[in-house]
Amino acid sequence: MKITVVTVGKLKEKFFREAVSEYEKRLGRYCRLEIRETADEKTPDGASETEREQILQKEGARIAKFLPDSAFVVTLEIEGRRFTSEAFAGEIERLGVNGVGHIVFVIGGSLGLHHTIKKRADLAVSFSDMTFPHQLMRVVLLEQIYRAFRIINKEPYHK
């Protein structure tokens, strides 16, 4: 299975880059992982609703370039569906059994995701009602994908 993580913005902090690198290495046993970064737009303080929409639209257009028609797209959104780790693993396993060969996870920027990207999603997932920086969310997502593959393969890790 191929897993692509599309993110808005780059990892600046060394500790986040090291964590992502570790999970990339661990996931190599289970899937073909690809991480695609797109540029983030600077949001001025006190941005108007029009400015915010324009920023989301620009970021959305960049994200859309990484969403093949054949891929199963999962957006990370506060409004999305919540899973336990076991249920998340079950969803990934179900997709694979049903012939899905490529899952794309999308992490938006500081303003979230443009409505066109949300509409393109086959599944919206929420990790919490809280907001997380996209750099941290990338680490959390990769850890949960790794945990899911360990659960699917009945390997110790998830307890």
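All values reported here derive from a predicted model rather than from experimental measurement.
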Task: Ionic contact status for Glu59 with Arg62, cut-off 4.0 Å - done: no

Task: Any side-chain donor near an acceptor of the partner, Gln144 and Ser85, under 3.5 Å - done: yes

Open item on the list: For residues Leu123 and Ile107: do they belong to one hydrophobic cluster (side chain heavy atoms under 4.5 Å, members Ile, Leu, Val, Met, Phe, Trp, Tyr)?
Closed with: yes

Task: Exercise: identify the closest heavy-atom pair between Leu142 and Tyr23 - done: CB-CB, 3.8 Å

- [ ] Name the orientation class of the two ring planes belonging to Phe88 and Phe105 (parallel below 30°, tilted from 30 to 60°, perpendicular beyond 60°).
- [x] tilted

- [ ] Give the C-alpha distance, both sets of side-chain angles, the deciding distance and a yes or no for side-chain contact (heavy atoms from CB on, under 4.5 Å) between Val104 and Phe66.
- [x] CA-CA 8 Å; Val104 178; Phe66 297 114; 5.8 Å; no

Open item on the list: Tell me whether Glu79 at atom CD has more than 12 heavy atoms from other residues, nucleotides or ligands lying less than 6.0 Å away.
Closed with: yes

Task: Point-to-point distance, once rounded to the nearest 0.5 Å, from CZ of Phe72 to CG of Leu95 - done: 4.5 Å

Open item on the list: Just so I know, are the side chains of Met137 and Val140 near enough to count as touching, which here means a heavy-atom distance under 4.5 Å?
Closed with: yes

Open item on the list: Taking the side chain as everything from C-beta on, heavy atoms only, tell me whether Glu24 gets closer than 4.5 Å to Ile35.
Closed with: yes

Open item on the list: Hydrophobic clustering (ILVMFWY, side-chain heavy atoms < 4.5 Å, transitive) - are Val73 and Phe127 grouped together?
Closed with: no

Task: Ion pair Arg150/Glu143, N-O distance below 4.0 Å - done: no

Task: Backbone N/O of Ser128 and side chain of Ser126: donor-acceptor pair under 3.5 Å - done: yes

TODO: Check whether any side-chain heavy atom of Arg32 lies under 4.5 Å from a side-chain heavy atom of Ile3, and answer yes or no.
DONE: no

Task: side-chain contact (heavy atoms from CB on, under 4.5 Å) evaluation trace for Tyr30 with Asn153 - done: CA-CA 9 Å; Tyr30 304 103; Asn153 288 285; 3.4 Å; yes

- [ ] State plainly whether one hydrophobic cluster holds both Val74 and Leu67, where clusters connect Ile, Leu, Val, Met, Phe, Trp and Tyr through side-chain heavy atoms under 4.5 angstrom apart.
- [x] no

- [ ] Heavy atoms only: give me the nearest Leu56-Gly112 pair and the separation to one decimal.
- [x] CD2-O, 3.6 Å

Open item on the list: Show the nearest heavy-atom pair for residues Gly108 and Leu113, with the distance to one decimal.
Closed with: CA-CD2, 3.4 Å

Task: Nearest atoms (heavy-atom pairs only) where Asp69 meets Arg120 - done: O-NH2, 3.6 Å

- [ ] Would you mind checking if Arg147 and Glu86 are paired as a salt bridge, meaning a charged N to carboxylate O distance below 4.0 Å?
- [x] no

Open item on the list: If you define the side chain from C-beta out and look only at heavy atoms, does anything of Arg29 sit under 4.5 Å from Glu155?
Closed with: yes

Open item on the list: Please find the pair of heavy atoms, one from Pro44 and one from Lys42, that lie closest to each other, and give the distance.
Closed with: CD-O, 3.5 Å

Task: Within 45° cone of Tyr146 ring axis and under 6.0 Å: Arg26 NZ or CZ - done: yes

Task: Under 3.5 Å: donor-acceptor pair, side chain of Asp40, backbone of Gly109 - done: no

- [ ] Only counting residues at least two apart or in another chain, list the ones meeting side-chain contact (heavy atoms from CB on, under 4.5 Å) with Ala89.
- [x] Ala148, Ile151, Ile152

Task: Joint cluster assignment, Val106 & Leu27, ILVMFWY side-chain distance < 4.5 Å - done: no

TODO: Measure the CD-CD distance between Gln54 and Glu41 for me, rounded to the nearest 0.5 Å.
DONE: 10.0 Å

Task: Leu141 CG to Phe132 CZ distance, which is reported to the nearest 0.5 Å - done: 12.5 Å

Open item on the list: How long is the straight-line distance from CE of Met1 back to CG of Leu33, given to the nearest 0.5 Å?
Closed with: 12.5 Å

Open item on the list: If I compare all heavy atoms of Ala121 with all of Thr75, which pair ends up nearest, and what's the gap?
Closed with: CB-OG1, 3.5 Å

Task: Evaluation steps, side-chain contact (heavy atoms from CB on, under 4.5 Å), between His115 and Glu53 - done: CA-CA 10 Å; His115 66 86; Glu53 175 62 24; 4.2 Å; yes

Open item on the list: If you apply the rule side-chain contact (heavy atoms from CB on, under 4.5 Å), what do you find for Ile63 with His114, and how did you get there?
Closed with: CA-CA 10 Å; Ile63 290 168; His114 192 257; over 6 Å; no

- [ ] Determine whether the side chains of Thr4 and His102 contain a donor N or O and an acceptor N or O closer than 3.5 Å.
- [x] yes

Open item on the list: Closer than 4.0 angstrom, basic N to acidic O: yes or no for Glu13 and Arg17?
Closed with: no

- [ ] State plainly whether one hydrophobic cluster holds both Ile55 and Ile117, where clusters connect Ile, Leu, Val, Met, Phe, Trp and Tyr through side-chain heavy atoms under 4.5 angstrom apart.
- [x] no

Open item on the list: A side-chain contact here means heavy atoms from C-beta on lying under 4.5 Å apart; do Val5 and Glu34 qualify?
Closed with: no

Task: Between SG on residue Cys31 and CD1 on residue Ile103, distance to nearest 0.5 Å - done: 9.0 Å

Task: salt bridge (Lys or Arg N to Asp or Glu O under 4.0 Å): pairs with one or both residues in residues 125-141, sequence neighbours excluded - done: Glu37-Arg138, Arg82-Asp129

